[in-house]
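Worksheet for the structure shown next.
The analysis underlying the following values was restricted to heavy atoms, covering all of them including side chains, and did not include hydrogens, waters or symmetry mates. Keep in mind that this is a model prediction, so the values were computed, not measured.
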Amino acid sequence: MAVKWVDEYNYSDNRILLTEKELSIPGVRMFGMQNNQKASLPLCDHYHEDAFEIVFSAHGNVIFYTKGKEYRLNGGTAFFLHPNEVHSTHETPLSPGKFYWFQLETQVLNLLFLEADASAALIRQLMNISHHNIRTDNREINSIITQAFALAMQPGHEMMVAAYLQIFLHLLIQFATASQQPMTPDISRALIYIYDHITSEITLEELADLCALSLSRFKQKFRDQMGVSPRNYINQQKIEYAKTLLKEGGSITDVSMALGFSTSSYFSYIFKKHTLLTPTEFIQNRQLDYSKT
């Protein structure tokens, strides 16, 4: 059963969530920011009654599921949900990274302080968005939502926050209706190389050479297109492969060596950072699930 999700105010080191009580902006049900240094708990199946939800990944990777499909958000990608759409991260923890999200109510005449006609027009345009993942230019739109959230933290700036959100939404609508920018061939080659050499110790220097880029330019270009640093991306892919090897009965030491980690303790550290579990806990959970079937 999907949960009708109602957010509550939160202020912690890595997560800030403002509700309509703190925001005082017509139609904005909540506005949040999460900055994970390590993985956090997955989200269960839930929906937001009569409200759009837009999740924007500033950097890092976030995986959502809706209607049986997986949607991976790299940095600069927005995940767009229509009112009442059930979604979750399935059993996948939220990966390290930074993302913003907010909800907009559909049954409001003056959304974001707009006149009734402009409010209705904006809602119609949002209703016409037909896909969930929207790739953006990252830098400009990232700056806009970052400034909007910074102002939302300060009482008395409601009109400015609404103005920034209006700009963000109109840019999002443009990106949603335009052709999505393809990945450049050099970064595509780097990804293929990572997948083909996942059991090797991959250096950033060899990836930069493969792309015919300087190391600094390669790291920046990779982050711009993938939303995460190349080293973090490599570790994410290694951990995904490690899960498969552990499920197949590989020992922690053998798996860490097979994937090119310097020590099994470092492998365990990276594994827990991305999954919330140590390799031992992951194996024990798998064994417990198997015993129940």
We want to know whether [X] and [Y] form a side-chain donor-acceptor pair, criterion being a heavy-atom distance below 3.5 angstrom.
X: Asp13; Y: Gln37; answer: no
X: Glu22; Y: Thr19; answer: yes
X: Ser40; Y: Gln34; answer: yes
X: Ser216; Y: Gln220; answer: no
X: Thr263; Y: Ser265; answer: yes
X: Asp50; Y: Thr106; answer: no
X: Asn35; Y: Asn14; answer: no

Carefully, step by step, assess Leu204 and Leu215 under the rule side-chain contact (heavy atoms from CB on, under 4.5 Å). CA-CA 7 Å; Leu204 302 189; Leu215 180 58; 3.7 Å; yes
Atom pair [atom1]/[atom2] of [X] and [Y] - distance to nearest 0.5 Å:
X: Ile167; Y: Ile144; atom1: CD1; atom2: CD1; result: 5.5 Å
X: Met127; Y: Ile123; atom1: CE; atom2: CD1; result: 7.0 Å
X: Asn232; Y: Ser229; atom1: CG; atom2: OG; result: 3.5 Å
X: Tyr71; Y: Ile63; atom1: OH; atom2: CD1; result: 13.5 Å
X: Phe175; Y: Asn133; atom1: CZ; atom2: CG; result: 14.5 Å
X: Ile129; Y: Ile54; atom1: CD1; atom2: CD1; result: 7.5 Å

Min side-chain heavy-atom separation [X]-[Y] under 4.5 Å:
X: Thr89; Y: Phe64; value: yes
X: Glu158; Y: Phe113; value: yes
X: Met30; Y: His48; value: no
X: Lys38; Y: Asn36; value: no
X: Met33; Y: Arg15; value: no
X: Glu205; Y: Phe218; value: no
X: Thr278; Y: Glu281; value: yes
X: Asn10; Y: Ile16; value: no

Checking [X] side chain against [Y] main chain: does a donor-acceptor pair fall under 3.5 Å?
X: Lys98; Y: Ser57; answer: no
X: Asn110; Y: Pro26; answer: no
X: Thr66; Y: Val86; answer: yes
X: His87; Y: Glu85; answer: yes
X: Ser119; Y: Leu111; answer: yes
X: Gln237; Y: Ile194; answer: no
X: Lys238; Y: Ser200; answer: yes
X: Ser256; Y: Ile252; answer: yes
X: Thr136; Y: Thr77; answer: no
X: Gln154; Y: Leu151; answer: no

Determine, stepwise, if the pair Ile239 / Tyr241 fulfils side-chain contact (heavy atoms from CB on, under 4.5 Å). CA-CA 5 Å; Ile239 294 308; Tyr241 190 45; over 6 Å; no
Practice prompt. Under the side-chain contact (heavy atoms from CB on, under 4.5 Å) rule, what do His274 and Gln236 come out as? Steps first, then yes or no, please.
Written response: CA-CA 7 Å; His274 289 279; Gln236 286 174 359; 3.3 Å; yes
When you look at Glu240 and Thr244, which way does the side-chain hydrogen bond (donor to acceptor under 3.5 Å, both in side chains) test go after all the steps?
CA-CA 7 Å; Glu240 287 303 310; Thr244 300; over 6 Å; no
Exercise for review: Report the residue from Phe149, Phe168, Phe56, Phe79 that forms a ring pair (Phe, Tyr, Trp, His ring centres under 6.0 Å) with Tyr100.
Suggested key: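 Of the listed residues Phe149, Phe168, Phe56, Phe79, the ring pair (Phe, Tyr, Trp, His ring centres under 6.0 Å) partner of Tyr100 is Phe149.
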Is a salt bridge present between Glu105 and Arg29, judged by a nitrogen-to-oxygen distance below 4.0 Å?
yes
Worked verdict on Val28 versus Gln103 for side-chain contact (heavy atoms from CB on, under 4.5 Å)
CA-CA 6 Å; Val28 182; Gln103 295 161 15; over 6 Å; no
In terms of relative ring orientation, are Tyr233 and Tyr195 parallel, tilted or perpendicular, with 30° and 60° separating the classes?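 Because their plane-to-plane angle lies in the 30° to 60° range, the rings of Tyr233 and Tyr195 count as tilted.
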- On the 0 to 90° scale, with breaks at 30° and 60°, tag the Trp101-Phe99 ring pair as parallel, tilted or perpendicular. tilted
If you count the non-hydrogen atoms of other residues, nucleotides and ligands that lie under 6.0 Å from CG in Leu109, is the total more than 12? no
